[in-house]
Structures are given as structure tokens and as C-alpha cells.
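Down below is the structure, laid out as C-alpha cells.
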Amino acid sequence: MLDLLITNATLPDGRTDMAVAVQGGRIVEVTEGLQAPAHETVDAAGQLLSPPFCDPHFHMDATLSYGLPRVNQSGTLLEGIALWGELKPLLTEEALVERALAYCDWAVAKGLLAIRSHVDTSDPSLLPVRAMLEVKKRVAPYLDLQLVAFPQDGVLRTKGGLDNLKRALDLGVDVVGGIPHFERTMADGAESVTLLCELAAERGLPVDMHCDESDDPLSRHIETLAYETQRLGLQGRVNGSHLTSMHSMDNYYVSKLIPLIAESGVSAVANPLINITLQGRHDTYPKRRGMTRVPELMAAGVTVAFGHDCVMDPWYSLGSGDMLEVAHMGLHVAQMTSQAGMRQCFDAVTLNAAQVMGLTGYGIEAGKDASFVLLQARDPVEAIRLRATRLKVWRQGQLLAQTAPTEAQLSLPGRPSRTAFMPVRAAGG
Ligand code: FE2
């Protein structure tokens, strides 16, 4: 007898009337129209069953701190960093843990079950690191939290920056981070990339750097990151986050750069909500969008994912852990409005994000973890359009969250009273 059988599901690749059989927390079979005895059978009624959402770029130590100790008036990245600097002396481990746990509750309710969070290692106390390691332990039964040692104030620019980062890794942080564009000079930035990649190679760890989060077209640290990845044999475990300078770069240079990124096996994470908000702030009109060249990177075979980056913190006052909102913004900013483009944006917050994070056991196929989200939508495009309700969220066969279908009772003069999906589906719905 199966533990769980989900019937009549639509999968993101378009297969319909699919049954997913679950035993012992794993998927044992995915096949069309299967009927089999199970302790629990769920009729998906043709709705979309997706692998869970994954956020490959977040800041869990800053989340839900909006307004502490004040609000970012200019809305710029640099004021955000300054504001975070004002907040840091006021932080307590308890408050950090509490806010992060609250955010993880939101995440699970939205079907977001894997998050890679950068954690600031600049302060020698490593308070945020200790707090996030505690959170990682506490959420482990229901959410995969990966931590990146992130030297927010610059690994070379901060006194003791490298030592602090190494101590964070010693405590159990999973990934080596960096911020080359924030070092004092281009040369220091490049040197930081080299030494952090060497550190990752030495310790057998992945790398995920904030890289070229700038409108400066001459910020070319991604070139060094790709080079060092190849030199040190780190292919497949290095990610460049943001890469916003690529938006402003000369096209001729980019025509050389993108093949180098593809060849190096470096993946890319764009953060559409934050990039469209923070970049282009020094422009008058026209204002640059600032997001990296997503469709061009994808076309070259680079794995590109979308991250949420910030929710209610010194850099961003909105957000709710909804990766469909992230995909929605990403497809607008990148103008990926074709059917294929919109589906790629769905992949950017599911499959590609899981790949960037190096998750194993991810996907709806036999042998993988029985982790998925049932959406009130019939396909990935509709899911993005409606920011679809997460009807049910399972992790390894266990039901973690449920939300009632979104619907409205309409009583319109001159029209029959009825129940309708809200936002209303297109004809044929
Ligand atoms: Fe970030």
C-alpha cells in the first residue's frame, strides 16, 4: 500500500492526467492514469503539480527588519549597506532567529522549500552567522537552508575580513561568498575573487559571489570568476549573483564574455525585484533596468536562476517569499514574454534554482524526494500570471501547508450570482 497517491495532476512539462505514487518520503512512480491503493489519495483535478520553489539568493539575517532603525530614504544599494551597518550593533541573536523563523513560515506556506542565504561575516562577533546556523538547524525538518559566508563590507576592505569569513566556514557555513565590486579598487576586487576561489578549492566548497552588482560597465569581476573557476577546476559549483554590470556593458565585450561564462560552467542568479529597484539610480532618463542579460545567458547554455534577494529589509520594503512574484518580475524586466520565455522564467525559480544550489533528490520523477507543491493553476504560465495559490505543499511525502482555493462570490446586478476564481481565468477556464 502506498503512503500517498496524487492523481490527475498536470506536470510543468505539460504532461496531463499524471499520477505520482509516494512511499517512504520518495516518489516511486510517475505515470499516466495510475490507480493503486494508498493511505491517502489526492485528486489534483488537473491542477499543476510542481517541484517546490527554490530561492538561490536571499539574505535571511536581514529579513523582516524593515524600518529598523530607520527606512532607506534614497532607496539605493549604498544607503542600504550603510543602513545595515547602523542596524548591526543593535542586533541580537534571539531577534535574528525569530525573524528568520517567521520568514521560513511564510516561505513554506508559499511552497518555497529551499533557500540559499548569504550571511554577513564582516563583524568579528559572527553574531549573524551563529544565529543563521541555529535557524538552519531548527528549520532542517521542513526547509533546506544553505548558508553563504558573505563579507558584506569587503573581504579585503574590512580589517580581519578574510579571517572572519574563514571562521564562519569553520563553524559550518556551506558556501564561500564575496563582493569584489565593493572592494577598494578593481585590482583588489579581482584579487578577492582569486583568493576566495582558492579558499573554496582548498576546502572543497561551492562559491557564490555577489558579483558586479553595479551599473558600471567596467565592473568585470565575472571575467575573473569564470577564469578562476576553470583554473581551479571548480566547474559546476560556482555561481555569479546579480551580474548587473552586464546590463550596461558594451555589446562587443559581452559577445566575448558570455561564451567564457558558458565554457567555465559558472551559473548566474538574477534578482529581478531588487535589480529593477536598486540599479539605474544614478540615471536620469532613460533609466537602465540593471538586470543581467538573462535570455542571452540562457541561450548560451548558462544555468540562470532568479532569487528573491530581500524581503522587508534595508534594501527592499516589500516581498512575501513568493517566488512566482519573482518570476513575474523577471519575465517583465527581461521581456521574456513568449510562451517559451515564460516557461523558462518558471524554471528559473524551480529547476534552475535547484541546480544552482546543487540540490539532490529534486524533481518529479521516480527515485526523487516526494516534495512538491500543488498550485491553483493549470500550467506554469498561468501559475506566474495568477501568482497561483499554493493549495498543498509536501516535503518528502509530508503535508506541510495548505491554502484554500482563491475564489470570489460575485453578486453583480443583472448577472447570475456565481463563484469565480480570482483573478479570473481566461476563457476555457
Ligand atoms: Fe544579495
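This one's a predicted model, so the numbers in the text were calculated from it and none came from an experiment. In listed order, ligands and their atoms are each counted from 1. Start at 1 with the first residue, then count along the sequence.
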Review point. Are D123 and K88 close enough for a salt bridge, meaning some N to O gap below 4.0 Å?
Key: no
Point to revise | Aromatic contact, H181 with H210 (centres under 6.0 Å) | key: no
Review point. Is the Fe ion (ligand 1) less than 2.8 Å from an N/O/S atom of H210, whether that atom is in the backbone or a side chain?
Key: yes
Check your understanding: Counting only heavy atoms not in E98, do more than 12 sit closer than 6.0 Å to its CD atom?
Key -> no
Exercise for review: Give the name of the N/O/S atom in D309 that lies closest to the Fe ion (ligand 1).
Suggested key: OD1
Practice item. Taking the Fe ion (ligand 1) as the reference point, name the nearest N/O/S atom of H57. Key: NE2
Review point. Do any of the N, O or S atoms of H118 sit under 2.8 Å from the Fe ion (ligand 1)?
Key: no
Review point. Can you tell me if an N/O/S atom from E213 lies under 2.8 Å from the Fe ion (ligand 1)?
Key: no
Review point. Do the charged groups of R385 and D379 touch, with an N to O distance under 4.0 Å?
Key: no
Check your understanding: Near Y227 OH, under 6.0 Å, is it more than 12 heavy atoms from other residues, nucleotides or ligands?
Key -> no
